[in-house]
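The first residue of the sequence shown is numbered 1, and numbering continues consecutively from there. Note that this is a predicted model, so its numbers are computed, not measured.
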Amino acid sequence: MTEQTQRPAPQRPDPQEAIPQEAVAHEAVAHEAVAHEAVAPEAVPGRSPLPVVPPPPAAVRKDRRALRAALRWTSVAAVFCLVGAGTAYGISRMERTDLPGLATASDGRWDYPELVRPPLPPGSPGPLEAGNRAGTHYADLRALVLPAPRGATVEPEPRGTDGWLPVEDFLADYATGEHRRELARKLTDHGLRHIAARGWTTPDGTRTRIRLLRFDTAAVSETLLTGDLANTGAPAYPVRGAEYYALDETFPPGAHMKGVMLFPYAEIKPYGAEQVRQAYFSAGDTIAVITQTRKGGVDAVPFRQTVTLQTELLS
């Protein structure tokens with residue numbers, strides 16, 4: 001055998017030894033990453049599956065936020081509308097005086113009931129109508145007396161016959177015996193027919209007395225009033241508890257009704273424990289005498305209100 005033939009055949013290098021170490025390391029890392037991705041989450045023991053939800057697009061999130069904000073503000077506006085409507089309805093159902101800040105302050109007037117004149121007999125004129133020259137009140141004079149205001153304590157009805165006030169009870173309000181006798185004679189001379197009356201006391205202590213004296217004609221009542229009962233300075237016969245009077249020149253002009261002769265008075269200082277306000281007026285065949293007294297002073301507003309309302313009933 002030749003030398004060439006006896007030489008051992010060259011060995012092929014091992015493939016693993018021929019690959020560089022860097023390549024081996026890189027291949028191992030890539031293989032491990034692939035293996036990790038290939039393992040499903042549910043394959044990992046002790047760990048619950050976690051669904052992978054892709055994040056929504058940015059434009060969709062913005063639209064949803066805008067929609068939620070719009071719905072929220074719409075709800076707020078609807079609540080305000082409902083509350084406002086309910087409040088407006090509640091206010092519309094209330095009286096003005098029930099509303100704080102809108103209540104009308106009291107000016108001292110009394111709360112009188114609604115005034116209603118009694119019906120006249122068919123074809124009968126009113127006392128101040130042109131066709132009624134005698135000024136006759138055809139309605140029942142007792143029904144023409146002003147009613148007491150609400151809250152007042154009403155005095156007992158007159159003890160006279162059929163509810164008419166006896167003359168002596170009317171005269172008892174005047175100061176002296178001499179004045180009472182003189183006045184009684186004048187009433188008789190002028191043909192007094194009867195007296196309707198009512199009295200009351202309000203919670204503030206004001207005592208009111210109304211006396212309606214009826215005669216045959218308006219001419220008789222006017223003559224007695226201007227010649228014997230009243231004048232521009234003071235009443236001719238002062239009532240008990242009052243000595244010095246003055247004509248109330250501040251009485252509202254609107255209270256002086258056409259066809260009615262009115263003389264309002266107020267007791268002036270110095271007066272005693274009580275002050276007196278008094279009014280005389282004639283309307284047709286009737287003379288009205290209204291007297292108010294109160295400890296410390298009589299308020300002008302309810303006095304004028306009372307006189308005005310009684311004037312309207314008799315007119």
Side-chain angles (χ1 to χ4, degrees), residues 108-120 126-127 136-174 180 183-184 187 192-215 221 224-225 229-230 235 237 239-242 255 257 260 262-265 274-295 298-315:
R109 286 179 292 180
W110 289 342
D111 185 14
Y112 280 100
E114 183 179 359
L115 303 183
V116 179
R117 291 189 182 96
L120 295 172
T136 303
H137 281 88
Y138 289 100
D140 190 337
L141 195 63
R142 290 166 295 187
L144 293 176
V145 184
L146 184 68
R150 294 182 177 90
T153 301
V154 182
E155 295 180 358
E157 292 294 324
R159 58 182 177 86
T161 305
D162 296 331
W164 299 109
L165 183 72
V167 177
E168 55 267 25
D169 288 357
F170 169 72
L171 296 174
D173 291 339
Y174 290 87
R180 289 193 291 269
L183 182 55
L187 294 177
L192 175 65
R193 298 178 60 182
H194 39 242
I195 304 173
R198 180 168 290 127
W200 64 79
T201 303
T202 50
D204 67 349
T206 302
R207 184 182 183 186
T208 302
R209 285 187 169 181
I210 298 177
R211 310 292 189 240
L212 305 183
L213 292 74
R214 186 175 182 184
F215 300 88
S221 65
L224 177 62
L225 175 66
L229 298 181
Y237 302 100
V239 296
R240 290 182 298 175
M257 299 185 64
V260 175
L262 172 63
F263 296 87
Y265 302 102
E274 295 183 337
Q275 185 195 24
V276 175
R277 286 183 182 268
Q278 199 170 30
Y280 288 80
F281 68 86
S282 65
D285 60 0
T286 301
I287 294 176
V289 182
I290 300 176
T291 306
Q292 286 188 347
T293 60
R294 179 175 178 263
K295 185 177 180 180
V298 178
D299 292 337
V301 171
F303 172 71
R304 294 167 181 170
Q305 178 192 18
T306 302
V307 173
T308 301
L309 293 178
Q310 183 60 75
T311 304
E312 292 178 354
L313 280 176
L314 289 174
S315 301

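Partners of R142 according to the salt bridge (Lys or Arg N to Asp or Glu O under 4.0 Å) rule, which considers only residues two or more places apart in sequence or in another chain, are D140.
Between V260 and S315, some side-chain heavy-atom pair lies under the 4.5 Å cut-off. Residues F215 and T286 fail the side-chain proximity criterion, which asks for heavy atoms closer than 4.5 Å. L146 places a side-chain heavy atom less than 4.5 Å from the side chain of W200.
Atoms CZ and CG, from R211 and D169 in turn, are 8.0 Å apart once rounded to the nearest 0.5 Å. Taking CG of L187 as the reference point, atom CZ of R193 lies at 15.0 Å (rounded to 0.5 Å). Summarising the geometry, atom OG1 belonging to T202 is positioned 12.5 Å from atom CG belonging to D111; distances are rounded to the nearest 0.5 Å. In this structure, L144 CG and L115 CG are separated by 11.0 Å, a value rounded to the nearest 0.5 Å. Distance check, rounded to the nearest 0.5 Å: CD1 of I287 to CG of L224 gives 4.0 Å.
Between H194 and W164, the angle of the ring planes stays under 30°, which puts this pair in the parallel group of the 30/60° scheme. Using the six-membered ring where Trp is involved, W110 and Y112 have ring planes that are tilted, between 30° and 60° apart.
Across all non-hydrogen atoms, the minimal contact from H137 to R214 is O-NH2, 2.7 Å. Closest approach of T136 and D285 over heavy atoms only: CA-OD2, 3.5 Å.
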**OP:** Could you go through the side chain to side chain contact (heavy atoms under 4.5 Å, CB included) check for V145 and L212 one step at a time?
**Re:** CA-CA 7 Å; V145 184; L212 305 183; 3.6 Å; yes

**OP:** Show your working on side chain to side chain contact (heavy atoms under 4.5 Å, CB included) between L183 and F170 and close with a plain yes or no.
**Re:** CA-CA 10 Å; L183 182 55; F170 169 72; 4.1 Å; yes

